[in-house]
2 protein chains.
Amino acid sequence: MTPIKEAIDTMKQNGLKETDKRREMLSILLEQEGYLSAKEVQEKLQTKFPSISQDTIYRNLNLFSDLGIVESTELNGEKHYQFSCKHQGHHHHFICSNCGKTIPFDMCPMDFFKDQLPGYSILSHRFELFGLCDECSEKE
Amino acid sequence: MTPIKEAIDTMKQNGLKETDKRREMLSILLEQEGYLSAKEVQEKLQTKFPSISQDTIYRNLNLFSDLGIVESTELNGEKHYQFSCKHQGHHHHFICSNCGKTIPFDMCPMDFFKDQLPGYSILSHRFELFGLCDECSEKE
DNA sequence: CTCTTTGCAAAACATTTGCATGCCT
DNA sequence: AGGCATGCAAATGTTTTGCAAAGAG
């Protein structure tokens, strides 16, 4: 079962429908090794759907996000999305500032800090690394 | 030398001027134990400057940020600011999801991970904890 | 056939900018 | 006096929403 089929199953279980545009969006998000903004998703959709409206993209990205099909983060004041089925379990990302590629890793600061922090009830955390990936490093 | 005077000195060194509104903004940011959005700053300014325009607030917050007088972060899609002179050196924040108060701490995941991460050149990182501060925990 | 999806247009929201007036130094 | 600061209005950029038409099951 491909990740895209899984995602479409999830949608159907929630009474939502399978459309060409959603399938193509999922395929774009799956192929991409990193986060994409709504605008970047639209650019990649241009080939197959030159006249797709932004609304559809925003609506579907929110939908995917609500269903847990994609993960999202905020970069430079814009929401970014990427397929979330690839890497299982709790993880964080290294994000290449140049090409946008993300590399997941399992290490989590909370494993170290859990006992060392003041007694606040910590409910969530945000941890991201930024830099240049191997490919972009070489090009410089 | 108070932090506010230091900040105004920095501004003057850059050819900028001391105004009532800037002084009041700095004072609000200094008193607050946490991040404030532009809107929240405006609300707190209402008492002394009921008719101040948002533009001025946005312009001055950006200015303070450029000069390093305030630190900023992005929360729920809005930029937030707080005075940055209190806690010296590299640090991160615990942010109370209820009252917005922030508590700085010196521990940094990079100290642990430096050697354990893949060979990517890491240039920066983002690490923030969210939860309830002691006061807000008790109220629940 | 019914309910969801899409496109269009408009609105909402945070933020920025041009310009003329006003204030600090 | 001269340059920076401010207010106003308008523009910008991202994201959301109402509504009617098109499409999926």
Side-chain angles (χ1 to χ4, degrees), chain A residues 4-5 7-29 35-46 48-67 69-70 72-81 100, chain B residues 4-5 7-29 35-46 48-67 69-70 72-81 100:
Chain A
I4 292 182
K5 284 207 168 170
I8 288 170
D9 263 20
T10 306
M11 295 203 298
K12 290 196 174 170
Q13 282 161 28
N14 288 71
L16 305 173
K17 298 185 175 171
E18 176 178 5
T19 68
D20 289 355
K21 293 169 189 175
R22 285 182 179 163
R23 228 180 299 110
E24 182 63 14
M25 283 181 69
L26 290 170
S27 152
I28 285 168
L29 290 163
Y35 288 100
L36 289 172
S37 67
K39 200 181 290 179
E40 289 167 329
V41 171
Q42 187 174 25
E43 283 162 18
K44 290 183 182 291
L45 278 167
Q46 288 298 321
K48 295 207 179 166
F49 303 100
S51 64
I52 192 172
S53 79
Q54 310 186 69
D55 323 298
T56 303
I57 294 167
Y58 280 112
R59 266 190 284 234
N60 286 336
L61 287 175
N62 276 336
L63 202 130
F64 297 158
S65 186
D66 290 345
L67 294 175
I69 294 169
V70 302
S72 69
T73 191
E74 194 124 5
L75 301 172
N76 309 316
E78 278 180 71
K79 285 181 193 152
H80 284 67
Y81 304 85
Chain B
I4 292 181
K5 285 205 168 169
I8 288 171
D9 264 20
T10 307
M11 293 202 300
K12 289 195 173 169
Q13 283 162 27
N14 288 72
L16 305 173
K17 299 186 175 169
E18 176 177 4
T19 68
D20 289 355
K21 292 169 189 177
R22 285 182 179 165
R23 227 181 297 110
E24 182 63 15
M25 283 181 70
L26 289 170
S27 151
I28 285 169
L29 289 164
Y35 288 100
L36 289 172
S37 66
K39 200 181 290 178
E40 288 166 331
V41 171
Q42 186 174 25
E43 282 161 18
K44 290 182 181 293
L45 279 167
Q46 289 298 321
K48 298 207 176 167
F49 303 101
S51 64
I52 192 173
S53 78
Q54 310 186 69
D55 323 301
T56 304
I57 295 166
Y58 280 112
R59 265 189 282 233
N60 285 338
L61 288 175
N62 277 335
L63 202 130
F64 297 159
S65 186
D66 289 345
L67 295 175
I69 294 169
V70 302
S72 70
T73 191
E74 193 124 7
L75 301 173
N76 309 316
E78 277 179 72
K79 285 179 193 156
H80 284 65
Y81 304 86

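In what follows, every chain begins at residue 1, and chains take the letters A, B, ... in the order their sequences are listed.
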**Item:** Heavy-atom side-chain contact between A/R23 and A/D20 under 4.5 Å
**Value:** yes
**Asked** Hey, is the side chain of A/K21 poking within less than 4.0 Å of OP1 or OP2 on C/dG7, counting only N and O atoms?
**Response** yes
**Request:** Verify the contact: side-chain N or O of A/N76 to OP1 or OP2 of D/dT14, cut-off strictly under 4.0 Å; return yes or no.
**Result:** no
**Prompt:** If you look at every strand shown and take non-hydrogen atoms under 4.0 Å, does B/S53 touch a base, only sugar-phosphate, or nothing?
**Reply:** base
**Message:** Check the phosphate of C/dT6 against A/N60, side-chain N and O only, distance under 4.0 Å to OP1 or OP2. Yes or no?
**Reply:** yes
Under 3.5 Å donor-acceptor pairs involving side-chain atoms of residues 58-67 of chain B, not counting sequence neighbours:
residue : atom : partner : partner atom : Å
B/N60   : OD1  : B/R22   : NE           : 3.0
B/N60   : OD1  : B/R22   : NH2          : 3.4
B/N60   : ND2  : B/T56   : O            : 3.4

**Fill in**
Testing C/dT16, C/dT4, D/dG13 for proximity to the side chain of B/Y58, the answer is C/dT16
**Asked** Rounded to the Å, how far apart are B/R23 CZ and D/dC4 C1'?
**Response** 16 Å
**Message:** Using OP1 and OP2 only, check whether a side-chain N or O of A/N62 sits under 4.0 Å from D/dT16.
**Reply:** yes
**Asked** Think A/K39 has a side-chain N or O under 4.0 angstrom from the OP1 or OP2 of D/dG13?
**Response** no
**Prompt:** Within this structure, what is the CD1-to-P distance between A/I57 and C/dC8, rounded to whole angstrom?
**Reply:** 12 Å
**Prompt:** Out of D/dT6, C/dC24, D/dA24, which nucleotide sits closest to the side chain of A/T19?
**Reply:** D/dA24
**Request:** With heavy atoms under 4.0 Å as the rule, sort B/Q54 into base, sugar-phosphate or nothing.
**Result:** base
**Prompt:** Looking only at N and O atoms, is any donor in the side chain of B/K17 or the base of C/dC23 less than 3.5 Å from an acceptor on the other one?
**Reply:** no
**Student check: side-chain heavy atoms of A/K5 and A/D9 closer than 4.5 Å** = no
**Message:** Quick one, A/Y81 and A/V41 - any side-chain contact, counting heavy atoms below 4.5 Å?
**Reply:** no
**Fill in**
From the candidates C/dG18, C/dT25, C/dT6, the one with an atom nearest any side-chain atom of B/R59 is C/dG18
**Message:** What's A/G77 touching, base or sugar-phosphate or nothing? Going by heavy atoms closer than 4.0 Å.
**Reply:** nothing
**Asked** Under 4.0 Å: is that the gap between some side-chain N or O of B/K79 and OP1 or OP2 of C/dA14?
**Response** no
**Item:** Minimum-distance nucleotide (side-chain atoms of A/D55 versus D/dT15, C/dC8, D/dG3)
**Value:** C/dC8
**Message:** Need to verify one output field. Residue with the more 5' nearest nucleotide on DNA chain C, B/D20 or B/A38?
**Reply:** B/A38
**Item:** Any B/K21 side-chain heavy atom under 4.5 Å of B/L45 side chain
**Value:** no
